[in-house]
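One structure is given here, and the rest of the page talks about it.
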Amino acid sequence: MIRLGLCCIFHEEPIRFRRTTAAALKKLTAKERDEKLSGICRDNAAALAAAITYCSKNGIGAFRVNSQILPLKTHPEAGYELVDLPGGKEILARYEACGQLREQCGLRLSFHPDQFVVLNSPRPEVVASSVRELVYQAEVAEWIGADVINIHGGGGYGDKPSALLRLRDAVQALPVAVNERLTIENDDRTYTPSELLPVTNETGVPLVYDVHHHRCLPDGLSEEAATAAAIQTWNREPLFHLSSPRNGRDEGADPKPHHDLIDPADFPDSWSELDITVEVEAKAKEVAVKRLQEDLTACGIPCAWQVADSKDR
DNA sequence: AGCGGTCAAGTTGAT
DNA sequence: ATCAACTTGACCGCT
């Protein structure tokens, strides 16, 4: 059955994650800074618990965690360790409690580091800060039981073969906690599934197949073939991405921006019978997931995730 | 209370 | 050369 996933935030449900900026922190005293960060990290643990509970009660089987859940964690000046903040040990325990809740609910958690994580950059400082960010997300993933940290292939730099070799080498040099969760996703302007598959196969890193990106940047592989090849890369439940274009697919319109909702016609026929996670990238968030759930169910595609399902498997 | 400007970071492609 | 887009608005300071 299909496990639908919600990405990061809520549209209508009043669950909010807090954040701050390095500029705002800079204006505070050291004590004020630590207390502000501590408060945000504590509130975000509570918001994560609320998100897990919401998903579990609404048939949503997966949730993507915002990269800023511990805001500015790896910032060169504002960075910190959670346990060094006021009440840090107790906040850590709250994240570990989220992990237990996740397990009880049979929910799958993932991370999607933002665009600044580029493992194949020719600039060593960019790779170094990317690794720092991945190590931070892997640490939180460990606490809460997330099994996916998903990144893109990176830049092309006018020489994709070399760039892909750098990607492979950088992946192989990652710490185990990152490597065992890392996945790579085809994007909508640089790397297609067929370009990434040699790297994923060589490194043992699974491919997250984004069918909308594949439609924006095709490579000759059919959706069925890309789906099958991606599934082969997974040693656990495969995870794919789905979105619909805001401007439709008319000639001349940019197909890349995401729509508020998912057009059920965009759900690939070849996915109907699979046991996979499908993260829904749509601006209306949980509203879009619920709508898709109804639309797929009406088509006879089961996708309302229940706790019992995860125990029966 | 409401509103506009700002916020760590990379890369691409459209204008 | 500039800027929007990308997984995603939230927060702060001003009126």
Side-chain angles (χ1 to χ4, degrees), chain A residues 5-11 14-28 32 36-37 39-40 43-44 47 51 62-80 109-134 136-137 146 148-160 163 166-167 170 183-192 208 210 212-213 216-217 239-243 245-247 252-260 278-286 288-289:
Chain A
L6 171 65
C7 296
C8 305
I9 56 175
F10 292 80
H11 185 60
I15 299 174
R16 296 287 176 263
F17 291 89
R18 297 178 59 202
R19 58 202 326 188
T20 186
T21 64
L25 289 178
K26 214 169 180 176
K27 296 175 186 164
L28 305 176
E32 289 168 335
K36 183 180 179 73
L37 285 167
I40 293 175
D43 287 353
N44 285 353
F63 182 70
R64 181 191 297 172
V65 180
N66 178 350
S67 295
Q68 297 278 349
I69 187 141
L70 306 183
L72 301 166
K73 173 75 167 62
T74 66
H75 186 279
E77 282 118 44
Y80 55 92
L109 294 178
S110 70
F111 283 84
H112 195 353
D114 58 31
Q115 61 270 36
F116 310 108
V117 170
V118 183
L119 283 182
N120 73 343
S121 174
R123 297 163 52 195
E125 70 276 17
V126 171
V127 178
S129 61
S130 298
V131 172
R132 264 166 65 79
E133 182 71 17
L134 289 170
Y136 140 57
Q137 297 198 15
V148 165
I149 301 176
N150 179 42
I151 62 171
H152 291 289
Y157 307 98
D159 180 1
K160 285 196 203 176
R166 284 199 305 276
L167 177 62
T183 64
I184 302 179
E185 175 192 351
N186 62 300
D187 64 79
D188 54 13
R189 54 185 67 202
T190 307
Y191 289 115
T192 63
V208 169
D210 186 314
H212 175 63
H213 288 166
C216 295
L217 184 66
L239 187 149
F240 295 165
H241 285 180
L242 179 64
S243 49
R246 185 200 301 161
N247 310 315
D254 184 352
K256 294 194 290 299
H258 292 168
H259 196 102
D260 290 346
V278 176
E279 288 188 338
V280 174
E281 296 184 331
K283 299 206 173 287
K285 300 298 168 185
E286 84 281 9
V289 178

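Proteins come first, then strands; the chains are lettered A, B, ... in the order of their sequence lines, and each starts at number 1.
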Starting from the C-alpha separation in whole Å, work towards a yes-or-no answer on side-chain contact (heavy atoms from CB on, under 4.5 Å) for A:Lys160 and A:Thr190. CA-CA 9 Å; A:Lys160 285 196 203 176; A:Thr190 307; 4.2 Å; yes
With side-chain contact (heavy atoms from CB on, under 4.5 Å) as the test, would you mind laying out the steps for A:Ser121 and A:Tyr157 before giving the verdict? CA-CA 8 Å; A:Ser121 174; A:Tyr157 307 98; 3.5 Å; yes
Which is it for A:Leu37 and A:Thr20 under the side-chain contact (heavy atoms from CB on, under 4.5 Å) test, yes or no, and what are the steps along the way? CA-CA 8 Å; A:Leu37 285 167; A:Thr20 186; 4.2 Å; yes
Which nucleotides of DNA chain B pair, in dot-bracket form (Watson-Crick or G-U under 3.5 Å, | meaning another strand): |||||||..||||||
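Between the OH atom of A:Tyr136 and the C1' atom of B:dA8 there is a distance of 13 Å, given to the nearest Å. Nucleotide B:dT11 holds its P atom 13 Å from the CG atom of A:Asp187, rounded to whole Å. Here the P atom of nucleotide B:dC7 and the CG atom of A:Leu72 are 13 Å apart, to the nearest Å. With rounding to whole Å, A:Ile151 atom CD1 is found 13 Å from B:dT11 atom P. As rounded to whole Å, 10 Å separates atom C1' of B:dT11 from atom CG of A:Asn120. When the C1' atom of C:dG13 is taken as reference, atom NZ of A:Lys26 falls 18 Å away, rounded to whole Å. Residue A:Lys160 contributes atom NZ, which lies 15 Å from atom P of B:dT11 at whole-angstrom precision. Protein atom OH of A:Tyr157 is 10 Å distant from nucleotide atom C1' of B:dT12, rounded to whole Å.
Within the 4.0 Å cut-off from OP1 or OP2 of B:dT11, at least one side-chain nitrogen or oxygen of A:Ser121 is found. Taking side-chain N and O atoms only, A:Arg123 has a distance below 4.0 Å to OP1 or OP2 of B:dT11.
Ring geometry, A:Phe63 versus A:Phe17: the interplanar angle falls under 30°, so the pair is classed parallel (tilted spans 30 to 60°).
In this structure, CG in A:Leu109 is found 11.5 Å from CD1 in A:Ile149, a value given to the nearest 0.5 Å. The CZ atom of A:Arg18 sits 13.5 Å away from atom CD of A:Gln68, with the distance rounded to the nearest 0.5 Å. The CG atom of A:Asn66 lies 8.0 Å from the CD1 atom of A:Ile9; values are rounded to the nearest 0.5 Å. We find the CD-CG distance between A:Glu32 and A:Leu25 to be 10.5 Å, quoted to the nearest 0.5 Å.
B:dA8 and C:dA1: their C1' atoms are spaced 23 Å apart (whole Å). Using C1' as the reference atom, B:dG4 and C:dC6 are 24 Å apart when rounded to the nearest Å. Going from the P atom of B:dG13 to that of C:dT7 covers 15 Å, rounded to whole Å. The P atoms of B:dG2 and C:dT8 are separated by 27 Å, rounded to the nearest whole Å.
As judged by a 4.0 angstrom heavy-atom cut-off over every strand, A:Gly156 is placed among residues touching the sugar-phosphate backbone only. A:Glu133 comes within 4.0 angstrom of a nucleotide base, judged by non-hydrogen atoms across all strands.
In this model, no side-chain donor or acceptor of A:Ser129 finds a partner on the base of B:dA8 within 3.5 Å.
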For nucleotides 6-12 of chain C, just jot down a letter per nucleotide in 5' to 3' order: B, S or -, based on protein non-hydrogen atoms under 4.0 Å. BBBSSSS
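A:His112 and A:Glu185 are linked by a side-chain donor-acceptor pair at a separation below 3.5 angstrom, with hydrogens and angles left out of the test.
Looking at A:Pro113 and A:Leu134, their side chains come closer than 4.5 Å, going by heavy atoms from C-beta outward.
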